[in-house]
Amino acid sequence: MSDFRRIEDAGDLSGKTAIVRVDFNVPMADGKVTDDTRLRSALPTVNALRDRGAKVVLLAHFGRPKGKEVPEMSLAPVATAFSKVLGAPVHFARNCGCGEKASAFVRSRPQDDVILMENTRFCPGEEKNDPELAANMAALGDIYVNDAFSAAHRAHASTEGIARILPSYAGKSMETELDALDKALGKPERPVLAVVGGAKVSSKIDLLKNLVTKVDMLAIGGGMANTFLAAQGVSVGKSLCEHDLADTAREILDIAAKNNCRILLPADVAVATEFKAHAPDHRICHVGEVADNEMILDAGPQTLVALEHAMDEAKTLVWNGPLGAFELEPFDTATVAAAQAAAHRAKAGKLTAVAGGGDTVAALNHAKAAGDFTFVSTAGGAFLEWMEGKELPGVEALKA
Ligand code: 3PG
Ligand code: MG
């Protein structure tokens with residue numbers, strides 16, 4: 001992270017306006033925010049800027065309105081929710097658009113104000129990273145702070161274009177994300193164990209190909225493990241399996257072997273004939289003993305023991321994706337046990353455990369393990385792209 005400017009480098013900001021890109025793309029039901037994690041994660045940055053005397057203007061997207069005003073995707077309810085989290089008024093810039101009217105509104109507000117602009121994706125130029133829109137956004141203030149790691153995989157006007165115009169800084173939660181990720185894959189303490197689960201190999205090919213060149217051990221779980229097992233000639237019955245990706249799976253195993261990356265695949269599994277919670281005929285069996293009418297729904301106890309041994313060997317763990325159908329009991333067993341095993345070791349200071357990406361946070365919360373992980377990213381797609389070894393445009397722009 002040393003090659004980024006941080007808020008501390010901005011000096012005194014009295015009389016100045018700081019434009020802050022946050023990720024307020026929060027879950028919402030009936031016009032109310034149902035999980036305020038992302039709102040709370042913006043607090044350190046907003047407070048630090050206000051302490052330095054800045055007027056704070058927040059830019060955020062919500063949903064995918066595709067350049068049009070979609071009333072259900074207004075950020076108005078989010079302004080109310082953020083005001084509660086902040087414990088101070090948040091002024092919502094309604095109907096200001098993205099031009100001169102918006103900057104006039106910001107100028108008209110007092111210096112101690114926190115202002116939330118309307119959904120950046122209502123502006124047609126946002127997702128096109130239109131330079132004119134980026135310039136209009138830049139005209140709202142004096143400095144730019146990006147605190148939205150989870151939107152940094154998008155090269156949009158509010159995440160990338162604007163950073164090239166104004167003096168730009170990483171916000172506190174951006175800084176925390178980047179520092180944690182650097183510890184996990186950038187300059188990790190070895191050996192590094194990656195745990196990758198989830199339904200499909202097809203959505204994680206780039207990720208797997210990158211990981212096997214970087215980590216010492218890779219444990220593959222969830223539906224995607226079936227594709228690897230089948231590619232090695234193991235019969236997986238009617239399991240979820242991408243048979244057409246057998247060559248890709250073998251190629252990944254090949255790259256792993258060339259890079260001395262040890263692959264851990266399930267040795268035993270939980271199977272059932274129906275995809276259903278408490279399926280009456282569920283049983284544990286060795287891989288290779290799955291009947292034609294059965295499907296693999298979780299990893300088995302022997303697999304778990306092997307995974308825990310790998311965790312004992314490892315100094316660093318990076319985790320994405322559940323190991324089984326964790327939304328159906330008892331097929332959450334391996335995910336819960338492995339998450340708790342990792343959390344234990346992290347809490348005892350034996351393992352740096354970092355996790356992120358979509359379902360992963362839900363799985364770790366379900367296991368009540370998230371709190372003891374060293375770091376759990378709030379990012380979905382951005383975390384995956386980072387694990388794929390891709391440059392994130394929002395992060396790159398801060399380096400310039
Ligand atoms: C997210 O919620 O993952 C980020 O806010 C990015 O949203 P997007 O996938 O619509 O770009
Ligand atoms: Mg997304």
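Just so you know, these numbers come straight off a predicted model, no measurement behind them.
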* Asked: Will you find, in the side chains of Lys214 and Asn259, an N or O donor that is under 3.5 Å from an N or O acceptor?
  -> no

* **Main-chain N/O of Thr378 paired to Ser150 side chain as donor or acceptor, under 3.5 Å** => no

* Asked: Are the side chain of Thr176 and the backbone of Lys172 linked by a donor-acceptor contact shorter than 3.5 Å?
  -> yes

* Give the intermediate values and the outcome of salt bridge (charged side-chain N to carboxylate O under 4.0 Å, His left out) for residues Lys55 and Asp113. => CA-CA 6 Å; Lys55 187 189 295 191; Asp113 232 25; over 6 Å; no

* **Donor on one side chain, acceptor on other, Thr159 and Arg154, under 3.5 Å** => no

* Structure fact -> Looking only at heavy atoms, the pair that brings Phe275 and Ala325 closest together is CE1-CB, 3.9 Å

* Run the salt-bridge test on Asp216 and Arg190 with the 4.0 Å N-O cut-off and return the result as yes or no. => yes

* To do: Could you tell me if the ring centre of Tyr144 sits under 6.0 Å from that of Tyr169?
  => no

* Asked: Phe331 and His282: aromatic ring centres closer than 6.0 Å?
  -> yes

Can you give each donor-acceptor pair under 3.5 Å made by side-chain atoms of residues 261-270, sequence neighbours left out, with the distance rounded to 0.1 Å?
| residue | atom | partner | partner atom | Å |
| --- | --- | --- | --- | --- |
| Arg262 | NH1 | Glu313 | OE1 | 3.4 |
| Arg262 | NH2 | Glu313 | OE2 | 3.2 |
| Asp268 | OD1 | Gln302 | N | 3.3 |
| Asp268 | OD1 | Thr303 | N | 2.9 |
| Asp268 | OD1 | Thr303 | OG1 | 2.6 |
| Asp268 | OD2 | Gln302 | N | 2.9 |

* Can we say Lys276 and Glu329 salt-bridge, meaning some charged N sits less than 4.0 Å from an Asp/Glu carboxylate O? -> no

Throw together a table of side-chain donor-acceptor distances under 3.5 angstrom for residues 385-394, partners on residues two or more places apart or in other chains.
| residue | atom | partner | partner atom | Å |
| --- | --- | --- | --- | --- |
| Glu388 | OE1 | Lys390 | NZ | 2.8 |

* Do Asp332 and His366 have side-chain N/O donor and acceptor atoms under 3.5 Å apart? -> yes

